Amino acid sequence: MRRADAMLLLCVAAYGAYAFAAGSSYTLRVFSVAGIYALAAIGYQFIFGQAGALSLSQGVFMGVGAYASGILALRFGLGFDAALPFSVGVPVLLALAVAVPVLHLRTHYFALATLIISQMVLLVAVEWQGLTGGANGIGGIGGITILGMPIRAGWPLAATVWVCVALGAALSAWLMRGRAGHAYAVLREHPAVAGAIGLDGGRMRLAAFVLSAAFAGFAGSLYVHVIRVISPDVLGFPVMVTLLTIVMIGGRLGVAGAVAGAVLVIELPEWFRPLREYTLLVYGAILLLVVVAAPGGLVGALRLLLPDRAPPAPPALAASPALAELSGLAALSGASGLLLEIDGLARHFGGVRALGGVSLGLRAGEVLGLIGPNGSGKTTLVNCVTGLVAPDAGRVRFAGADITGLRADRVAHAGIARTFQTVALVDDMTVLDSVAIARPRTDFATARAQAMTLLDRLGVADIAQRRCGGLAYGLRRRVEIARALALQPRLLLLDEPAAGLNETEQADLSRRLRGLAADGAALLVIEHNMAFLAPLADRMACLDAGVLIAQGTPAEVQGDARVIEAYLGRPAAVSRPA
Amino acid sequence: MLALQLLFNALALGAAYALVALGFVLILNATGAVNFAQGDLVMAGGYGGLVLARMLPVPGVVLLPLLMAGMAALGLMVALVAYFPLRRRPPEAVFISTIAIGIILQNGTNILFGPELARTPALLGDGEFRWLDGVGGGLVVSAQSVAIIVVAALLIAGLHLLFSRTQFGRRLRATAQDREVASAIGIPVDAMVAATFAVGVALAGAAGLLLARGFFVTPNDGGNYMLKAYIAVTIGGWGSIPGAVAGAALIALFEVVFPALPALVPALGGPAFSQNGATIVLDALILVILVARPQGLFGEASKARA
Amino acid sequence: MKRIAACLLLTAAASAAHAASVTLPVLVPLTGFLAVEGASQRNGAILALSTPPAGVTAKYDVSDTGVSPEVAVNALERAAGDKPIAVVAPMLGTQMLAMLPVAMEQKIPLLTISGTAAITRQGNPYIFRFFPDDATTKIAQVRFALENKGVKKPAVIYQTTAYGQSGHAEIVNALKKAGIVPVYEEALDVAVKDMAPVLAKARAAGADSLIVHLHGGPSALLLKAAAASGLGLPIIAGSGLSQPSTINLLEPAELAGVCAETSSSPVSAESPAMQGFLDAYRRKFNADPDGFALAQYDGTMMALEAVAKGATTPAALTQALSSGSYAGLAMTYKSNGRGDMAHSAVIICYDGKSRIPKVVAHYTNAAAD
């Protein structure tokens with residue numbers, strides 16, 4: 001655990017110790033309620049923090065859990081523990097049902113969709129009076145019982161709630177340890193990269209959403225037995241705003257943030273009671289201040305103040321497996337025939353033709369240079385091959401299998417890796433982890449050892465423990481290529497790998513890429529820099545306005561009249577396709 | 001006759017909603033961020049009208065430009081504290097900072113004005129015109145409703161002229177289309193974003209003055225208007241100005257005409273046509289639109305959302 | 001020596017009974033959708049607490065409970081730390097339901113004006129409700145509609161809130177006892193703006209009257225729309241329409257012939273004592289009181305009178321409130337054994353010229369059980 005997080009948890013523990021020592025039923029009750037919100041907020045961190053999706057239905061999941069537990073208690077006399085499968089299960093089922101249509105939507109649409117679903121659930125709860133008691137709710141729900149043993153209000157209740165918080169926090173930390181946490185970081189910061197290194201973003205978002213709902217349902221079932229009424233208030237938007245505030249103030253990542261945020265946000269209005277009618281006004285001002293001044297919340301601010309001591313040493317290079325053994329590239333070098341066949345690939349954006357029926361082939365061990373003016377469709381071609389963009393027409397075959405329109409992560413698993421035009425690394429992640437995360441089907445320790453080999457191969461083993469944010473451009477490029485190689489690709493697509501590199505770096509990169517090809521990988525390199533590309537490429541192809549206008553040896557293509565015209569005749573191409 | 005009456009009512013309500021949605025979509029276009037305080041700014045506009053009316057005993061139509069100027073200043077302040085410090089952050093940051101602004105506005109007005117219902121002065125007067133009194137309840141057209149429709153139409157037309165005919169408007173539009181390109185060709189992007197906040201919040205304030213006569217205002221009204229603007233813009237197509245107006249009109253139709261259908265067509269009935277039923281039907285419709293037609297009913301697919 | 005000491009102790013006890021100092025916190029909603037009603041509650045309570053009976057001094061602190069049960073419970077737990085003799089508790093039914101178990105644990109009597117029927121049916125000895133419950137007020141509303149307005153085919157329009165749903169159930173119940181089924185029923189969200197569709201449907205259903213149970217703002221919108229469309233049907237509204245702050249938004253003409261139920265109408269000043277209350281309230285708060293304010297005033301005063309008579313502990317006060325009777329300004333309060341203290345309601349009507357209504361009928365719930 002990071003030092004800052006441990007520090008925050010210590011503060012909460014100290015306050016908890018005070019609450020238990022003071023022992024007033026008021027202090028303990030507020031502390032219990034804070035614990036309940038902490039649990040729901042830990043859950044909210046999965047979807048909003050880890051997956052980076054602004055869901056506005058966490059409050060409703062909590063409310064649905066509360067209703068499920070409350071109604072089962074009233075109708076069937078089920079205790080808190082016996083009802084748990086339902087109070088957790090019903091919100092999870094709701095999350096699954098909701099996820100199918102809306103989970104893939106982008107920020108504002110996802111936020112609105114979840115908000116609207118929340119409104120619908122609230123309306124149903126208010127209208128379905130026979131089951132829910134309508135707007136009046138139903139009182140007379142018993143306190144928490146565990147195995148038939150009633151838990152008294154005061155310290156036993158607070159202790160029970162906080163034991164649940166501790167378990168939930170531990171579960172969350174365990175789920176997000178190692179590879180999973182890093183994978184979510186990539187998904188959150190660079191969704192396109194997640195697919196390109198073989199992560200199934202859709203499934204990860206779904207998992208995060210369902211986990212959120214499960215934690216919320218559990219928190220809701222505690223809530224209903226502590227407040228002892230069911231009422232539509234728990235489904236209302238204010239509960240959602242409270243959870244959002246907790247996570248913004250505490251921090252979107254790290255359970256310490258959720259726990260400290262919950263204690264602060266729930267206790268704050270109580271401490272501010274002397275302010276009377278100004279309480280909520282001050283509350284709004286503090287929220288604004290935190291959002292503006294501490295974007296990472298308490299956790300983020302503290303992590304800056306209390307940086308971690310030196311990170312653990314990277315795995316020794318000697319212990320790393322040899323590359324040939326790791327990559328298995330050499331085994332492929334004898335393969336004959338075309339590794340990649342592109343046939344008539346076409347794609348339009350709105351009314352603009354980005355690709356107009358391109359056909360290309362690539363052999364194992366071959367380096368193909370792809371050139372063309374800005375906006376000629378080079379990146380779109382790579383996007384279509386790697387599954388980031390679905391083609392309108394045409395086929396893509398790889399190693400004999402049709403991969404047309406396959407999802408990005410499946411393309412990656414099939415053995416195609418890529419880099420991006422603008423380097424896309426997670427700033428807060430170490431170089432080693434950034435590469436290790438792309439190793440498929442291995443435990444994370446092994447992945448890290450293997451990643452060291454790759455870093456060494458690209459000459460950047462010495463920076464393995466640095467965070468990516470502070471690296472020079474040339475180093476970032478190499479880390480990105482190492483990450484692509486971690487997939488053990490048989491085909492590597494590089495989008496302007498030499499951009500921003502000085503001549504020494506270019507020469508070094510060129511040498512290393514040739515080495516990869518010699519090991520049997522096929523490389524497709526998009527470049528404008530002819531001095532870099534011409535010596536590197538076995539063959540070259542040129543795109544113009546989405547159409548292949550020339551291919552052949554570098555010398556042939558560079559001498560082609562149409563290529564020269566494409567480059568010189570229309571110098572004012574406006575913008576590159578993203 | 002009833003149908004005509006309901007359509008007229010829907011038009012007046014939709015015209016006011018359109019101003020709310022327009023303010024919302026302008027800021028959205030310029031910043032790429034949702035201004036979650038838009039509804040509370042409508043509410044603040046209502047109270048602003050109330051304050052002005054206490055100082056100047058003149059008809060609302062005279063107060064309107066004063067109010068819009070004041071609200072534009074408020075818009076600049078909102079931009080200053082809740083947008084500019086966060087402009088290099090992901091859009092959720094502005095989402096939350098404007099929620100905070102909303103909380104501050106709501107509780108500030110509660111402290112200043114109390115929780116009681118309040119009402120702004122009429123734009124022109126409280127007169128009403130009646131036609132065909134005997135026929136099916138007749139048609140009642142209040143001066144306030146007519147004034148709302150006219151004022152909203154003038155403001156929307158003015159906005160259109162601003163965008164299409166003036167250098168300032170073209171710069172605003174360029175900023176909204178692509179901030180980086182706009183900056184590269186020498187447009188002062190920050191000033192344009194600030195101006196957009198001023199215009200967007202002035203429109204919210206105008207809507208507040210128009211709505212708070214016939215429908216009153218309380219400090220808690222913001223959330224409801226916010227949701228309507230958000231929905232209108234989604235229906236109409238994210239970022240589309242005509243779409244926002246059409247979306248607002250559709251919401252008004254769902255509030256006023258849809259639940260009255262059983263009274264118009266006796267064969268219709270059932271829970272779907274209750275007021276809450278209409279809300280659920282509209283909600284479901286929006287989910288279908290979000291999933292099946294991401295570019296909105298009237299928008300172009302320029303900005304993908306999935 | 002011993003005898004003198006005992007004498008001294010007795011004197012001390014006696015003087016304590018006469019010069020008691022008690023803590024009576026006021027926990028009411030001051031933000032959110034019930035803030036107007038909560039402010040009436042607060043004002044009524046403060047007026048009583050600041051003019052207690054001779055010999056009693058009352059300390060009080062006002063806390064906002066918002067509209068969530070959780071905040072209300074926290075407020076009660078916090079107030080319990082000050083050893084209060086009782087608390088003024090919010091009028092929101094869901095908050096009361098959540099506070100009841102805590103009141104039971106802490107043994108604190110709750111003085112409220114919540115109309116929600118369920119709160120006095122939980123078998124909790126610490127609840128005292130000084131506003132007629134929904135059954136009482138809705139029976140009054142329905143009886144007036146049937147007996148005085150000759151209603152046969154009513155349309156029932158209510159709110160989707162706790163207040164609305166609770167009252168709606170009682171209205172339908174009371175109509176059913178008279179063998180009448182509403183020709184049209186509709187529940188409205190508080191955010192509904194245009195009332196034309198509801199009125200059109202009521203008319204299309206052949207309603208001969210509107211029995212309305214809405215909060216203040218929606219009631220005002222409905223009356224405006226009804227007047228504008230020339231509806232011409234009798235309207236019998238709920239207590240939401242008795243609030244002066246709502247009435248001030250309507251033109252007297254829009255109120256012509258409209259009647260409403262409430263527990264009392266202090267602005268109508270039926271008695272000199274009520275006139276005194278009205279004047280004092282106006283002086284202190286610069287606003288007109290409604291039935292909620294008077295009910296909370298009466299309830300708080302009943303508790304303070306009991307303190308003056310020696311009930312200086314929560315237990316003694318609970319006992320005094322559950323067995324005693326008190327002639328308040330609005331009515332005489334006496335528990336029915338469950339904590340329901342108020343058993344009568346009034347019907348007020350507006351004449352179309354003034355915003356001050358006339359009390360036209362008193363109803364006492366004979367079956368106050």
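Naming: A, B, ... by sequence-line order, numbering from 1 per chain. Just so we're clear, the structure is a prediction, and the values are computed from it rather than from any experiment. Because only heavy atoms are used, hydrogens play no part in the values below, and waters and symmetry mates are left out as well, while side chains stay in.
A ring pair (Phe, Tyr, Trp, His ring centres under 6.0 Å) check over residues 97-116 of chain B, counting only residues at least two apart or in different chains, returns the pairs B/Tyr47-B/Phe113.
Under the 30°/60° scheme for interplanar angles, the aromatic rings of C/Phe277 and C/Tyr297 are found to be tilted.
Between C/Asp288 and the choices C/Arg282, C/Arg283, C/Arg355, the salt bridge (charged side-chain N to carboxylate O under 4.0 Å, His left out) rule is met once, by C/Arg282.
Taking 4.5 Å as the heavy-atom cut-off, none of the residues of residues 231-241 of chain C approach chain B. Contact residues of residues 211-222 of chain B toward chain C are B/Gly214, B/Phe215, B/Phe216, B/Asn220 (heavy-atom distance under 4.5 Å). Scanning residues 272-279 of chain B against chain C with a 4.5 Å heavy-atom cutoff picks out B/Phe273, B/Ser274, B/Gln275, B/Asn276, ordered by number.
Contact of C/Ala200 with chain B is made through backbone and side chain together, with heavy-atom distances under 4.5 Å. Both the backbone and the side chain of C/Ala35 come within contact range of chain B, each with at least one heavy atom under 4.5 Å from a heavy atom of that chain. For a residue to count as touching a neighbouring chain, one of its non-hydrogen atoms must lie under 4.5 Å from one of that chain's; by this rule B/Ala12 does not touch chain C. Contact of C/Leu34 with chain B is not made at all, since no heavy-atom distance falls under 4.5 Å.
B/Gln5 and B/Asn9 form a side-chain donor-acceptor contact under 3.5 Å, judged by distance and modelled atom types alone.
Looking at every heavy atom in both residues, C/Ser354 comes nearest to C/Ile356 through OG-N, 2.7 Å.
Checked for salt-bridge contact, C/Glu251 and C/Lys224 miss the test: no charged N lies under 4.0 Å from a carboxylate O.
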